[in-house]
Amino acid sequence: MPRNTLLRQLLEERHLTTYTAFEVQFSRAARNLAEEAGDPRLASVAVSSRQFDRWMSGELKQLPRPDTCRILEELLGRAARDLFASVSAYPPTAPEPLPADVPPSPQADPAAHDDDPAAIVARARQLACGNVDQTTLSFLASRINVITERYEKDGPDGLWGQTSSLRSIGHTLLAGQQPPSARRELFRITARAGGLLGYMAVNTGAFPLAEAYCAEALELSRAIGDLDTELWACGTQSFAAYYAGRYDEADARAAAAVDRAPNHPQAIRLLVNGRARALGKLSNRNQAERAIGQALELSDRHDVDPGLTSCISFLPYGRARTLANALTARVALQDTGHVLRDAEDLDDLVEKSDSAWSRSLVRLDVATAVLQQRAPDVEHAMSLGQQAITLASPLPISSVRQRSRDLYERAAPWRSRPAVREYGEQLRIWGRQFPPAEAG
């Protein structure tokens with residue numbers, strides 16, 4: 001049985017029972033104490049996870065080093081010798097009973113103003129403070145940006161652990177106390193971390209998990225009125241339904257979100273990635289083209305980035321990203337001439353991007369369009385398909401796997417040709433090497 005120390009009791013009261021949550025607050029206290037004491041050395045004092053576990057279990061033969069004790073005292077407001085003593089050594093003090101001949105005190109007169117002014121101010125300060133400061137919030141928000149910027153280089157497998165840890169920190173801190181402004185920011189960060197996990201789950205084919213994470217992101221973003229994150233999460237729900245083959249649902253989810261905020265920058269993604277692509281699969285040419293036109297009009301109105309923005313970014317879709325999605329919608333509509341013209345215009349922007357996935361997906365779209373021509377160029381289409389697989393092989397995602405298989409199925413009438421057989425063999429080898437993941 002762990003020995004119940006005052007330290008453990010106070011950490012439980014403050015929801016700091018995980019090493020990650022404790023380390024954030026210990027570092028904050030160390031920085032504050034270093035500034036107050038004029039001793040920069042204190043800011044670098046750290047506690048290992050192993051040491052923290054020993055403290056929580058009460059396994060301590062002697063007090064920690066003096067600097068560590070000073071920071072703990074700063075954090076918890078009690079002397080170090082008391083913190084590491086058993087709670088039983090400090091039982092609550094019961095009031096002494098009054099002698100039988102002493103009557104109870106009369107009801108206090110409110111006019112006497114017996115309240116302690118210092119206690120009132122101290123309580124107000126406590127309510128205005130919390131378990132997270134602006135430096136910590138800025139750091140957590142910066143991790144969201146790092147993940148979105150690195151996503152197309154490291155993929156879901158490389159970033160799942162970091163994103164999951166970020167979400168866990170958010171949940172732990174939210175169990176404590178913050179002033180309203182800090183709490184709102186913490187809600188936003190935690191909602192976005194959960195939303196990123198939802199997007200990653202789609203890219204690994206784990207659709208039920210994606211739905212759960214997106215539902216969490218929606219719940220948290222709506223609680224603080226964060227429309228930007230809410231619409232992004234709705235777009236990711238539509239994205240998940242599309243790759244699960246539920247095209248009616250993908251369109252309906254995106255359309256409902258657009259109706260909520262038709263002029264919002266996030267509506268660009270909802271229109272072209274959510275509605276247009278799903279409507280293309282449903283062979284609804286007029287509505288798909290209307291959605292593409294609305295997305296491009298919004299892009300002009302909001303003066304978006306002309307380039308190929310990250311697929312997972314919370315920023316508005318860049319124009320090249322919008323055009324690439326329109327290309328996919330028109331492939332489904334078999335609008336071959338339009339696809340080949342747009343692909344030529346996109347080629348320079350896509351090839352200059354760092355996104356191997358985007359280059360792979362555009363090649364697969366063009367390859368499909370080449371097969372849709374009146375005079376199909378089978379060899380060229382299969383060459384593009386092989387290039388696409390080679391580009392995506394280091395970091396396979398479900399969208400590339402799905403479109404690669406779709407291309408092979410479309411090439412069925414020419415299965416006897418060497419180019420198609422070679423592409424099919426490369427596809428089979430790749431499929432064995434990278435089976436779809438069930439989760440991140």
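Everything quoted here is computed from the prediction, not taken from an experiment. Side chains included, hydrogens not; waters and symmetry mates left out as well; all remaining heavy atoms used.
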- Quick one: which of Asp305, Asp300, Ile268 gives a side-chain contact (heavy atoms from CB on, under 4.5 Å) with Arg319?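 The option that passes is Asp300.
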
Looking only at heavy atoms, what is the nearest atom pair of [X] and [Y], with distance?
| X | Y | answer |
| --- | --- | --- |
| Tyr247 | Ala278 | O-CB, 3.5 Å |
| Leu137 | Ile189 | O-CD1, 3.6 Å |
| Arg403 | Asp365 | NH1-OD2, 3.0 Å |

- Query: Which side chain to side chain donor-acceptor pair (under 3.5 Å) pairs, counting each pair once, include a residue from residues 281-293, with sequence neighbours left out?
  - Reply: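 Every side chain to side chain donor-acceptor pair (under 3.5 Å) pair that includes a residue of residues 281-293, provided the two are not neighbours, is Glu289-Arg330.
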
- For Phe239, enumerate each residue passing the ring pair (Phe, Tyr, Trp, His ring centres under 6.0 Å) test, keeping only those at least two apart in sequence or located in another chain.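 By the ring pair (Phe, Tyr, Trp, His ring centres under 6.0 Å) rule, Phe239 matches Tyr199, Tyr243.
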
- With rounding to the nearest 0.5 Å, note down the distance linking CG in Leu76 to CZ in Arg78.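 One finds 9.5 Å between CG of Leu76 and CZ of Arg78.
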
- Query: So how far is it from Leu197 CG to Ile147 CD1, rounded to the nearest 0.5 Å?
  - Reply: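 With rounding to 0.5 Å, CG (Leu197) is 8.0 Å from CD1 (Ile147).
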
Assess, by modelled atom type and distance only, whether the side chains of [X] and [Y] contain a donor and an acceptor separated by less than 3.5 Å.
| X | Y | result |
| --- | --- | --- |
| Ser358 | Arg321 | yes |
| Ser142 | Asn145 | no |
| Arg143 | Ser165 | no |
| Gln334 | Gln372 | no |
| Tyr19 | Asp53 | no |
| Thr5 | Gln9 | no |

- Could you list all the salt bridge (Lys or Arg N to Asp or Glu O under 4.0 Å) pairs where at least one residue sits in residues 186-199, not counting sequence neighbours?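 As it turns out, the salt bridge (Lys or Arg N to Asp or Glu O under 4.0 Å) pairs with a partner in residues 186-199, which skip direct neighbours, are Glu185-Arg188, Arg192-Asp228.
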
- Message: Does Glu425, at its CD atom, have more than 12 non-hydrogen atoms belonging to other residues, nucleotides or ligands within less than 6.0 Å?
- Response: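 Counting neighbours around CD of Glu425, more than 12 heavy atoms of other residues, nucleotides or ligands fall under 6.0 Å, so yes.
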
- Which residues pass the side-chain contact (heavy atoms from CB on, under 4.5 Å) test with Arg54, sequence neighbours left out?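 Arg54 satisfies side-chain contact (heavy atoms from CB on, under 4.5 Å) with Arg50, Gln51, Glu59 once adjacent residues are dropped.
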
- Message: Checking the side chain of Ser221 only, and the main-chain atoms of Ala217 only, is there a donor and an acceptor separated by less than 3.5 Å?
- Response: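 Side chain of Ser221 to backbone of Ala217: a pair is present.
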
- Query: Please, which pairs that meet ring pair (Phe, Tyr, Trp, His ring centres under 6.0 Å) have at least one residue in residues 55-75, sequence neighbours excluded?
  - Reply: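 For residues 55-75, and leaving out neighbouring residues, the ring pair (Phe, Tyr, Trp, His ring centres under 6.0 Å) pairs sorted by first residue read Trp55-Phe84.
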
- Item | Non-neighbouring partners of Tyr213 that pass side-chain hydrogen bond (donor to acceptor under 3.5 Å, both in side chains), sequence neighbours left out |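 Tyr213 satisfies side-chain hydrogen bond (donor to acceptor under 3.5 Å, both in side chains) with no residue once adjacent residues are dropped.
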
